[in-house]
Amino acid sequence: MRNDEIKAIFDQQASSYDERWAKTASIREALHFLLEAVFAELPANARLLCVGAGTGEEIAYLAQRFPQWTFTAVEPSTAMLDVCRDKAMKGGFAARCKFHEGYLESLPGAPFDAATCFLVSQFILEPEARTAFFRAIATRLGPGAILASSDLAADVDSTEYDALLHTWMNMMRVADIPAAGVEQMRAAYAKDVAILPAERIAAIIEAGGFDEPVPFYQAGLIHAWFAKRASGEAP
């Protein structure tokens, strides 16, 4: 799936996105709770880069917990970024945010202290391009900066994957995702999402300019890692 096609899908879903996934909030909340621990030793005035920020859920959580942090939200979907901006305004932390409509390649600015990238790189189907994506993040981070990243991960050729995928789809039905939407996601997982074994994704992150990634969270198909920018990577 091309970037413009992905953007169009998220533009269409933006206004109802948070409501649609409301019943899966416990998955996000657990990730954010552990994310706070991953970022616990960042400076009091840390600058965070949020790649593929979507509606800004992790920004809203961290902004409330760390009142001096500032955030740069990078998001190609105009509609999703509008929701993110509105959420920041209503939450009272918009003054600490910059909203960049587009991709990393067009992002100016000095090195960041940390970055988030949740359920983004899985849409990059070519491994070389996926590695380049993480390298683009690494080059925008300062020395010792931390990346927290999550993606769908599994060995799709294993017998366990069939059982896990079935359970994952059942979870979506329990969360009141319409049946047509569930089937659309099942089809997308097969051709538009690069679901790879967790160790393969970790290797891609490392090849993109980070130390060995540390897995810190899993919920169903979602896996998350943190990794420091490799010392040889220049900001």
Side-chain angles (χ1 to χ4, degrees), residues 27-44 46-54 57-59 61-62 65-66 69 71-72 74 103-105 107 109-158 160-161 164 168 189 193-235:
I27 295 175
R28 293 189 303 279
E29 288 166 358
L31 174 59
H32 294 161
F33 181 68
L34 288 169
L35 177 65
E36 183 178 349
V38 169
F39 286 164
E41 297 179 2
L42 290 179
R47 294 178 294 179
L48 266 70
L49 171 64
C50 301
V51 183
E57 284 289 290
E58 72 263 31
I59 296 176
Y61 179 86
L62 293 171
R65 300 294 296 163
F66 301 95
W69 286 12
F71 305 87
T72 296
V74 178
Y103 298 91
L104 281 171
E105 290 76 10
L107 176 70
F112 295 89
D113 298 297
T116 61
C117 179
F118 292 149
L119 301 178
V120 177
S121 88
Q122 62 195 28
F123 294 109
I124 304 173
L125 302 184
E126 295 297 328
E128 295 82 4
R130 199 166 179 177
T131 299
F133 170 76
F134 284 110
R135 186 166 295 282
I137 296 175
T139 58
R140 286 163 174 80
L141 299 181
I146 302 172
L147 167 69
S149 178
S150 73
D151 280 307
L152 301 181
D155 181 354
V156 298
D157 295 322
S158 68
E160 290 85 356
Y161 177 67
L164 183 55
W168 193 246
Y189 287 2
V193 179
I195 301 178
L196 301 176
E199 59 272 17
R200 178 68 182 117
I201 298 175
I204 289 173
I205 295 171
E206 186 172 1
F210 292 91
D211 291 340
E212 183 177 358
V214 178
F216 73 95
Y217 177 78
Q218 179 185 354
L221 286 175
I222 296 176
H223 292 242
W225 300 261
F226 69 83
K228 288 187 176 183
R229 197 205 76 180
S231 58
E233 293 295 317

Result block: side-chain N/O donor-acceptor pairs under 3.5 angstrom for residues 214-221, not counting sequence neighbours:
| residue | atom | partner | partner atom | Å |
| --- | --- | --- | --- | --- |
| Tyr217 | OH | Ile27 | O | 2.8 |
| Gln218 | NE2 | Gly220 | O | 3.1 |
| Gln218 | NE2 | His223 | NE2 | 3.4 |

(request) With sequence neighbours left out, write down each residue that passes side chain to side chain donor-acceptor pair (under 3.5 Å) with Arg47, or none if nothing qualifies. (result) none
(message) Can a donor-acceptor pair be found, under 3.5 Å and without considering hydrogens, that links the side chain of Ser121 to the backbone of Arg130?
(response) no
(message) Could you work out, with salt bridge (charged side-chain N to carboxylate O under 4.0 Å, His left out) as the rule, every residue matching Glu36, not counting sequence neighbours?
(response) Arg65
(request) Examine distances only and state if a side-chain atom of Arg140 and a backbone atom of Ala115 form a donor-acceptor pair shorter than 3.5 Å. (result) no
(request) Would you list the pairs meeting side-chain hydrogen bond (donor to acceptor under 3.5 Å, both in side chains) in which at least one residue belongs to residues 193-211, sequence neighbours left out? (result) none
(message) Using 0.5 Å steps for rounding, measure from the CG atom of Leu31 to the CZ atom of Phe118.
(response) 4.5 Å
(request) Can you label the angle between the Trp69 ring and the Phe71 ring as parallel, tilted or perpendicular, going by 30° and 60°? (result) tilted
(request) For residues Ala198 and Trp225, report the shortest heavy-atom separation together with the two atoms involved. (result) O-CZ2, 3.5 Å
(request) Drop me the distance from Ile205's CD1 to Asp151's CG, to the nearest 0.5 angstrom. (result) 7.0 Å
(message) With rounding to the nearest 0.5 angstrom, report the NE2 to CD1 distance, His32 to Ile59.
(response) 10.0 Å
(request) List in chain and number order the residues that pass salt bridge (charged side-chain N to carboxylate O under 4.0 Å, His left out) with Glu58, two or more places apart in sequence or in another chain; answer none if no residue qualifies. (result) none
(request) For Arg229 and Ala114, indicate whether the former's side chain and the latter's backbone hold a donor-acceptor pair under 3.5 Å. (result) no
(request) Starting at OH of Tyr61, measure out to CZ of Phe33 and round the result to the nearest 0.5 Å. (result) 6.5 Å
(message) If the condition is side chain to side chain donor-acceptor pair (under 3.5 Å), which residues does Trp168 pass it with, not counting sequence neighbours?
(response) Tyr189
(request) Supply the atom-to-atom distance Ile222 CD1 to Leu119 CG, rounded to the nearest 0.5 angstrom. (result) 5.0 Å
